[in-house]
Amino acid sequence: MDTKAKIIIEGKTYEYPIVTGTEGEKAIDISALRKDSGYITLDVGYANTGSCTSNITFLDGEKGILRYRGIPIEDLSDTASFVEICFLLIYGHLPTKIELEKYSEAFTKQSMIHEGMKSFFDGYPLTGHPMGILSAMIGSMAGYYPELIKPNPSKEEIDLISVELLSKVRTIAAFAYKKSIGEPYVYPRHDLKYVPNFLNMMFNSPTKPYEIKPVIVNALRTFLVLHADHEQNCSTSTVRLVGSGLANLFASVSAGVNALWGSLHGGANQAVIEMLQKIQTEGGDIKKYVDMAKDKNSKFRLMGFGHRVYKNYDPRAKILKSRADDLFRELNISDPLLDLAKKLEDIALKDSYFIERKLYPNVDFYSGIILRTIGIPLNMFPVMFAIGRMPGWIAHWKEMLEGAEVKIGRPRQIYTGNNVRKFIPIEQR
Ligand code: CMC
């Protein structure tokens with residue numbers, strides 16, 4: 001097997017090393033190409049560009065495989081706790097019983113946010129989008145915990161800052177929600193585990209005590225586990241890019257939250273429900289929407305469909321679809337939007353447009369239906385994605401920082417603007 005790739009440019013041959021991953025994935029390391037030949041590679045949207053090597057998550061989009069640290073997502077989604085997944089992603093191995101207990105204790109200890117931060121929530125209008133609030137609050141943690149933003153943090157400091165963030169993010173999210181509905185904040189409780197603690201902070205109120213149901217806890221646990229990492233997606237690459245300039249974890253993750261916000265990325269779970277509701281209120285004409293998605297003159301796309309890397313059924317969507325069924329069965333309820341989503345999926349998957357382009361439901365297609373059933377309001381859906389993705393962002397930031405060499409991220413470009421021209425003073429224009 002060749003260990004070098006040959007690139008011929010203007011008749012001259014250049015040789016570059018082939019890098020092989022543990023699952024046989026191959027890349028050509030072209031980092032010296034420009035120095036050797038004057039050429040760069042152009043790959044808009046980084047569709048075929050590896051920005052790093054990573055030990056964290058393996059994804060094979062053609063086969064629909066997703067593994068965290070080598071363990072298939074299907075095995076993790078059944079019973080693993082979210083805190084266990086955080087440990088696995090961040091430290092690379094499953095925790096022992098004692099490690100998990102210690103880790104959970106640390107989460108409990110760090111769950112409260114600084115009292116001073118509460119005034120930040122008061123500054124936001126009730127209509128403020130919780131994603132904007134979340135990113136601002138995470139960014140502002142740098143101000144409240146200055147001891148955690150040193151440029152070259154030690155292993156112990158990284159451990160502490162990551163637990164601070166993982167634990168406090170749910171308190172921030174729940175406080176943002178309480179603020180938006182004008183209810184008093186519910187503080188974290190030390191006797192509750194990660195997911196029930198979050199649900200209690202979100203839904204308990206002085207006038208209506210919240211009953212924590214195991215079936216709801218399990219549905220949310222599954223959601224968080226399935227969102228925990230997805231290798232070099234838009235927000236994770238953002239976290240790595242920001243962190244590569246040696247920005248602290250709060251700054252890097254706050255940027256990741258903003259990257260996640262868009263409707264092509266983490267905002268898609270909200271957009272799916274909005275789309276389904278629109279189809280429903282307009283009388284349920286699914287075909288009209290499928291036709292619109294195929295029409296190149298319309299800007300409309302089927303939300304929750306298609307993926308940059310999955311050219312097969314997204315394994316996360318498969319699990320969430322069946323979890324949605326379990327949830328409704330166990331709660332003995334139904335949701336017409338789930339029936340509509342299934343019909344839409346059936347029609348799209350039989351349509352040659354979607355078949356030819358290998359467009360399948362992605363993680364966001366069924367996740368919104370689960371969140372809605374739990375009682376999470378629509379504008380909090382991307383926030384839930386962000387809480388889930390937190391361990392992945394932290395694991396990638398940590399991996400990069402602890403790697404052999406931190407190299408600042410700095411892509412190049414091909415300039416297509418004006419050639420050199422003269423500045424003309426305003427009075428002569
Ligand atoms: N509806 C209709 N057509 C689509 C869709 C869709 N949802 N997704 C892709 N296409 C078409 C697209 O128009 C293009 O057609 P053509 O080859 O004729 O120009 C072809 O499929 C390839 O699409 P692309 O835009 O080149 O693919 P991409 O890899 O750049 O985009 C995507 C990936 C996820 C942004 C896109 O599929 C999309 O916009 N989906 C809807 C939004 C969504 O559900 N996002 C959540 C992604 S999963 C959560 C996450 O990890 O962020």
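Start at 1 and go down the list; that is how both ligands and their atoms are numbered.
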Enquirer: Note the single closest protein heavy atom to atom 4 (C) of ligand 1, along with its residue, its atom name and the distance in Å.
Expert: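 The answer is L359 CD1, 3.5 Å.
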Enquirer: Heavy-atom distance to atom 1 (N) of ligand 1: which of V309, L260, L302, N362 wins?
Expert: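 Looking at heavy atoms only, the winner is L302.
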Enquirer: Which class fits the ring pair W261 and H129: parallel under 30°, tilted 30 to 60°, perpendicular over 60°?
Expert: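 The rings of W261 and H129 sit tilted, inter-plane angle from 30° to 60°.
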Enquirer: Would you check if the distance from the ring center of Y187 to the ring center of F175 is below 6.0 Å?
Expert: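 That pair passes the under 6.0 Å test.
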Enquirer: Going through the distances and angles, do D159 and K155 end up as a salt bridge (charged side-chain N to carboxylate O under 4.0 Å, His left out)?
Expert: CA-CA 6 Å; D159 289 350; K155 267 198 180 346; over 6 Å; no
Enquirer: Which of the atoms of ligand 1 are close to G304, meaning less than 4.0 Å from one of its heavy atoms?
Expert: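 This gives 43 (C), 44 (O) as the contact atoms.
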Enquirer: Yes or no: does G45 have any heavy atom under 4.0 Å from an atom of ligand 1?
Expert: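 No.
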Enquirer: Heavy atoms only: which of F385, F305, Y310, Y353 lies closest to atom 40 (N) of ligand 1?
Expert: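 Considering heavy atoms of F385, F305, Y310, Y353, the nearest to atom 40 (N) of ligand 1 sits in F305.
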Enquirer: Identify the closest protein heavy atom to atom 51 (O) of ligand 1: which residue and atom is it, and at what distance?
Expert: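 Heavy-atom neighbour on the protein nearest atom 51 (O) of ligand 1: H307 NE2, 3.5 Å.
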Enquirer: Students should be able to answer this: which protein heavy-atom is nearest to atom 52 (O) of ligand 1, and at what distance?
Expert: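 For atom 52 (O) of ligand 1, the nearest protein heavy atom is H265 ND1, 2.4 Å.
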Enquirer: Mark up the atoms of ligand 1 that fall under 4.0 Å of a heavy atom belonging to A268, in ascending order.
Expert: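 This gives 43 (C), 44 (O), 45 (N), 46 (C) as the contact atoms.
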Enquirer: With a heavy-atom distance limit of 4.0 Å, tell me whether D314 approaches ligand 1 through its side chain, its backbone, both, or neither.
Expert: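 Contact part for D314 vs ligand 1: neither.
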Enquirer: Could you establish whether F365 and ligand 1 come within less than 4.0 Å of each other, counting only heavy atoms on the residue side?
Expert: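 False for this residue.
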Enquirer: My question is simple, although I want it checked carefully: is atom 17 (O) of ligand 1 less than 4.0 angstrom from any protein heavy atom?
Expert: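 Protein heavy atom within 4.0 Å of atom 17 (O) of ligand 1: present.
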Enquirer: Nearest to atom 42 (C) of ligand 1, what protein heavy atom do you find, and at what distance?
Expert: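 Going by distance alone, atom 42 (C) of ligand 1 is nearest to M303 CE, 3.4 Å.
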Enquirer: Of all the heavy atoms in N233, does at least one lie under 4.0 Å from an atom in ligand 1?
Expert: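 False for this residue.
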Enquirer: What residue and heavy atom of the protein are closest to atom 34 (C) of ligand 1, and at what distance?
Expert: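 Answer for atom 34 (C) of ligand 1: G306 O, 3.7 Å.
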Enquirer: When rounded to the nearest 0.5 angstrom, what is the spacing between OG1 in T57 and NE2 in H396?
Expert: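 Going from the OG1 atom of T57 to the NE2 atom of H396 covers 5.0 Å.
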Enquirer: Please determine, by modelled atom types, if E345 and Y360 share a side-chain donor-acceptor pair under 3.5 angstrom.
Expert: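 Side chains of E345 and Y360: no pair found under 3.5 Å.
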Enquirer: Assess, by modelled atom type and distance only, whether the side chains of R170 and S167 contain a donor and an acceptor separated by less than 3.5 Å.
Expert: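 Indeed, the side chains of R170 and S167 share at least one donor-acceptor pair under 3.5 Å.
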Enquirer: Roughly how far apart are Q277 CD and R372 CZ, rounded to 0.5 Å?
Expert: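 If I round to the nearest 0.5 Å, the distance is 5.5 Å.
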Enquirer: How far apart are the C-alpha atoms of E183 and K178, what are their side-chain angles, what is the distance that settles it, and do they pass the salt bridge (charged side-chain N to carboxylate O under 4.0 Å, His left out) test?
Expert: CA-CA 5 Å; E183 280 190 7; K178 283 295 192 194; 2.7 Å; yes
Enquirer: Protein heavy atom under 4.0 angstrom of atom 27 (O) of ligand 1, is there one?
Expert: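 Looking at atom 27 (O) of ligand 1, one finds that no protein heavy atom lies closer than 4.0 Å.
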Enquirer: Any protein heavy-atom neighbour for atom 22 (C) of ligand 1 (distance below 4.0 angstrom)?
Expert: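 Not a single protein heavy atom is under 4.0 Å away.
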Enquirer: Run the salt bridge (charged side-chain N to carboxylate O under 4.0 Å, His left out) test on R323 and D326 for me, step by step, so that the C-alpha distance in whole Å, both residues' side-chain angles and the decisive distance to 0.1 Å come before the verdict.
Expert: CA-CA 5 Å; R323 281 307 138 82; D326 297 346; 3.8 Å; yes
Enquirer: Report the nearest protein non-hydrogen atom to atom 45 (N) of ligand 1: residue, atom name, distance rounded to 0.1 Å.
Expert: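 It is L264 O, 3.0 Å.
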Enquirer: Determine, considering heavy atoms only, which of R308, R357, R301 sits nearest to atom 24 (P) of ligand 1.
Expert: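 The option holding the nearest heavy atom is R301.
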Enquirer: Among side-chain atoms of T41 and D43, is any donor-acceptor pair under 3.5 angstrom?
Expert: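 Distance-only check fails for T41 and D43.
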Enquirer: Check ligand 1 against D364 and write out every atom of the ligand that is under 4.0 Å from a heavy-atom position of the residue.
Expert: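 Near D364, the atoms of ligand 1 are 46 (C), 48 (S), 49 (C).
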Enquirer: Please verify whether a non-hydrogen atom of K296 lies at under 4.0 Å from ligand 1.
Expert: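 Yes.
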Enquirer: Decide if atom NZ of K63 counts as having more than 12 heavy atoms of other residues, nucleotides or ligands within a radius under 6.0 Å.
Expert: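 No.
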Enquirer: Taking side-chain contact (heavy atoms from CB on, under 4.5 Å) as the criterion, tell me which of V215, L220, I216, T222 meets it with N218.
Expert: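 When side-chain contact (heavy atoms from CB on, under 4.5 Å) is applied between N218 and each of V215, L220, I216, T222, only T222 qualifies.
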